[in-house]
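Below: the structure, in structure tokens.
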Amino acid sequence: MVHVGTGYDVHAFAEGRKLILGGVEIPYSRGLDGHSDADVLMHAICDAILGALGEVDIGHFFPNTDPRWKGAPSKVFLEEASRQALQRNGRIINVDATLIVQEPKIYPHIPQMKAHIADALGLTVSRVGIKATTNELMGFIGRCEGIAAMAVASVDLPD
Ligand code: MG
């Protein structure tokens, strides 16, 4: 039986942080604020997978009050979501995500992001969709105050 889940995340820009999206360090004047590496893309995908499993969100598994996850690469969160699927004899079919970001340009980095995400989830790259769009200069994203991401995941689970 195919189950689907959705995920959404947003992080604000902060000075003195690296910008990590889909496990790729992207050259930019600021990074995203957060307890972990603040990889908004991986967080949204993680929640989509957990949603397909009928699970609670990523924050439940990795509380931002836990010093173990301070500065953690978000790949570990994706690996945990994958492990949760396997534990239920589930198989992630595909994930698809959209980054909503005014700056910087994302497009050149998408192949590398896909490779990282596919690797963390044990999927072939063709099962990972990543797109990016601007917010047409509107709202907090348009003012370059932060980046949002949304994602869907489908997981084949036993009945
Ligand atoms: Mg997050």
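Start at 1 and go down the list; that is how both ligands and their atoms are numbered. Side chains included, hydrogens not; waters and symmetry mates left out as well; all remaining heavy atoms used.
When atom types are taken as modelled, the side chain of H43 and the backbone of D9 share no donor-acceptor pair closer than 3.5 angstrom. Side-chain atoms of Q102 never come within 3.5 Å of backbone atoms of C144 as a donor-acceptor pair (strictly under, hydrogens ignored). Here the side chain of H35 pairs a donor or acceptor atom with the backbone of D66 at under 3.5 angstrom. With hydrogens and angles ignored, the 3.5 Å screen pairs no side-chain donor or acceptor of K114 with any backbone N or O of G129. Side-chain N or O atoms of D47 include none that pairs as donor or acceptor with a backbone N or O of D57 at under 3.5 Å.
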Exercise. Given the rule in the side chain to side chain contact (heavy atoms under 4.5 Å, CB included) test, do I147 and L19 qualify, once you have shown the distances and angles that lead to the verdict?
Worked result: CA-CA 10 Å; I147 296 177; L19 178 59; 4.0 Å; yes
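Around the Mg ion (ligand 1), protein N, O or S atoms at less than 2.8 Å number 3.
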